[in-house]
Amino acid sequence: MIRFVAIRLLRAVLTVLAVALFAAIAMRVSGDPAVIALGPTAPAEAIAAYRVQHGLDQPLVVQIFVQFTALLSGDFGISPLNGRSALQVVSQRVPLTLLLAIPALLIKVLVGIPAGTIAAIRQNSLLDRLVMSASVIGIAIPNFVIGLGLVLIFAINLGVLPSSGQPNLPGMIMPVLTLALAGIGTLARFTRSSVLGVINQPHVRTAYAKGLTERQVIRRHILPNATAAMFPVLGLMLGSVLAGTVVVETLFSWPGIGSLLVTAVANRDIYVVPCILVLSSVVMTLTNVGVDVLQALRDPRILQRGR
Amino acid sequence: MANRSLRFHVGAQIGIAWIILMLGLTALGLTMSADYVLNIDLAHRLQPPLMFGGNSVNILGTDELGRDMAARLIKSIEVSAGIAFCATLLGLFIGTAAGFVAAEARGVLDQLVQGLIDFQASVPFLIIALTLLAFFGNSIVLFVCLMSLHGWERHARVARSMAMEANALGYASAVRQLGANTMRVYALHILPNIAGPLIVSATLAFPEIVLLESGLSFLGLGVQPPLTSLGAMVGFGRDYIDVAPWMVLLPSAAILLTTLSINLVGDWLQDWLAPRRR
């Protein structure tokens, strides 16, 4: 087990290092940081002085290495847009994004998994068809269309919810719903197929044969086995929520990381963008390690296979 | 056992019908003059579609500058489908090539390809795409290349494992011993044999690329004016959603129909081409 965790952690560290290296190369190869910091109208002497001062006269490889070590020590540079450190600008927005992402993930899990389970247990019933059709549409529909649909219904026609998200409860409802609905179909579909994989196995038949009720069989024999296969999907769900916040926060003018990223990209802020990239890769890889470990605890056969 | 014939797959029939209609509209779009699409008519701005009391010249209504919605929709479908098609093909090529190189070379190159696959899976692709756009700016060629990077890792994984399986089978070593060079073995013998799963992988990538492109264009970071795409139309229509909801609803419906159609056709293709994978 320790060996397994160590290998996963090592791979996670390598991945984050690769992302940081990618960011460092991109930061140094594209555009001139001196021009970006001082503006395109700065006199040539000022730019030259800035270059010497910040080591931009060094060979490219040295510059990339310096940038790489700076990124790893958490020094992402000063955002030219508001003159504060990029890390500060980003971390200030983190709680607001979590305020959307955590409820959205919870709704996804609490609706998607039961829906998929019911669909599998009542396979080919009307309910199954309904869940499957809804999830096919859910997979095909872009999240901004869901969001605009909600705005059209609840903000414009009914007038019961604000269309731009102030960080309070009524302002949260539509962004959270949009985030939750996009991707819920994938989870339901996946749950259905994992439950179907378990439902016909001999141990489930035995459980029925010894007289357990359907509810007991589902809770004690089907779901524990089906969820073991579903942990990796939960990692994917986090990724889809992270990507979803970019569009959803912009759509509802919610001041989180996603809308910050869009503004930063539009203004070509080369300090805030890598900061978000590296931080989200840290969050994602750590989650994936956690998911792998949980899965191994649930299903020790993975330890053997992972060798 | 499910019948795999197209005759019994209603979803795939609907999907194919929309794809054919889309191709027809695209052909129509190519014959349309650019003037007509860009024609600004401020006297007739924000006209509703015909069925909601609009005029019969602009049957799908007009936008904020009085441009004809029907013409712009056709042009947008052409651009969105064109980008997704080119990007899917390019991604399929990159992924297959990388998978084959990994399968043939093994060792360091294989590790490198697998490392790149891990790298891509470690961050949501939207964030990687936005980073590249921030650093290297935006042009239509760059944008298509960027979109093609989505999904290459899945194609590469499929190509790598299937090519390794194929290499262990008799036919690959037989043609090698007949003196065929490596390129020939992969292009003429292994590729046709593993085309099914790769096509399935591509039909998974295509709707995802449509969604990605429309998302980025919606944010104003994808296709730039005067060119338009379905996502860009929704993005611009968003400001008029309270007075002219059709500006949002029509392109949204077109996106949904497109991704839904390809998904349905993909489901059917998956049953038909790669029945083992269920």
Side-chain angles (χ1 to χ4, degrees), chain A residues 11-12 14-16 18-19 22-23 26-27 29-31 133 136-137 139-145 148-149 151-152 155-157 163 193 196-197 235-236 238-244 246-247 250-251 258 261-262 264-270 272-274 276-278 280-282 284-285 288, chain B residues 11 15 114-116 118-138 204 207-208 210-221 230-231 234-235 237-238 241-243 245 247-249 251-264 267 278:
Chain A
R11 275 182 65 179
L14 280 179
T15 313
V16 172
V19 173
F22 166 75
M27 283 170 89
V29 170
S30 69
S133 318
V136 166
I137 294 177
I139 289 167
I141 199 166
N143 48 9
F144 56 87
V145 171
L148 286 171
V151 166
L152 207 54
I156 295 172
N157 282 346
S163 65
S193 70
L196 279 180
L236 285 181
L238 180 78
S240 83
V241 167
L242 261 183
V246 174
V247 171
T250 308
L251 175 56
L261 180 60
V262 173
V265 170
N267 292 300
R268 303 191 68 174
D269 183 329
I270 67 156
V272 165
V273 175
I276 294 176
L277 177 74
V278 173
S280 56
S281 86
V282 170
M284 284 284 291
T285 44
N288 282 332
Chain B
Q114 294 209 53
L116 282 174
D118 279 357
F119 171 81
Q120 179 134 10
S122 72
V123 193
F125 184 70
L126 184 67
I127 294 180
I128 300 181
L130 284 172
T131 308
L132 289 171
L133 283 175
F135 283 119
F136 299 104
N138 195 350
L204 288 175
E208 287 169 6
V210 172
L211 289 182
L212 186 68
E213 179 274 321
S214 62
L216 283 170
S217 299
F218 170 77
L219 294 173
L221 300 170
L230 293 170
V234 180
R238 186 185 145 203
I241 188 169
D242 47 345
V243 289
M247 281 180 63
V248 168
L249 293 176
S252 297
I255 299 173
L256 180 61
L257 276 172
T258 307
T259 50
L260 197 59
S261 300
I262 310 272
N263 277 331
L264 290 171
D267 276 355
R278 263 210 329 162

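These values consider heavy atoms only, across backbone and side chains, with no hydrogens, waters or symmetry-generated copies. Values in this document were obtained by computation on a predicted structure and should not be read as measured data.
Rounded to the nearest 0.5 angstrom, B:Ile127 CD1 and A:Leu277 CG are separated by 7.5 Å. Rounded to the nearest 0.5 Å, atoms CG (B:Leu260) and CD1 (A:Ile137) are 6.0 Å apart. Taken to the nearest 0.5 Å, the CG atom of B:Asn263 stands 6.5 Å off from the CD1 atom of A:Ile139. Here A:Ile156 contributes atom CD1 and B:Asp242 contributes atom CG; the two are 5.0 Å apart, rounded to the nearest 0.5 Å. For the atom pair A:Leu148 CG and B:Leu249 CG, the distance stands at 9.0 Å (nearest 0.5 Å). Here CG of A:Leu251 is found 4.5 Å from CZ of B:Phe218. Values are rounded to the nearest 0.5 Å.
Listed by chain and number, the residues in a side chain to side chain contact (heavy atoms under 4.5 Å, CB included) with B:Leu126 are A:Ala243, A:Val246, B:Leu130, B:Leu212, B:Leu216 (sequence neighbours excluded). Residues meeting the side chain to side chain donor-acceptor pair (under 3.5 Å) test with B:Thr258, sequence neighbours left out: B:Trp18.
In terms of heavy atoms, B:Arg238 sits closest to A:Thr250 at NH2-O, 3.4 Å. The two residues A:Ala140 and B:Thr259 make their nearest non-hydrogen contact at O-OG1, 2.6 Å. Considering all non-hydrogen atoms of both residues, B:Ala134 and A:Val273 come closest at CB-CG2, 3.9 Å. A pairwise comparison of heavy atoms in B:Ile255 and A:Pro142 identifies CG2-CG, 3.5 Å as the closest pair.
Both the backbone and the side chain of A:Ile141 come within contact range of chain B, each with at least one heavy atom under 4.5 Å from a heavy atom of that chain.
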Would B:Leu256 and A:Val145 count as a side-chain contact (heavy atoms from CB on, under 4.5 Å) here? Give the steps. CA-CA 9 Å; B:Leu256 180 61; A:Val145 171; over 6 Å; no
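Ring orientation note: the planes of A:Phe22 and B:Phe119 are nearly perpendicular, at an angle over 60° on the 30°/60° scale.
In terms of heavy-atom pairs under 4.5 Å with chain A, the best-connected choice from B:Val123, B:Leu116, B:Leu133, B:Leu219 is B:Leu219. Contact count against chain A (heavy-atom pairs under 4.5 Å) is highest for B:Leu221 among B:Leu132, B:Leu264, B:Leu221.
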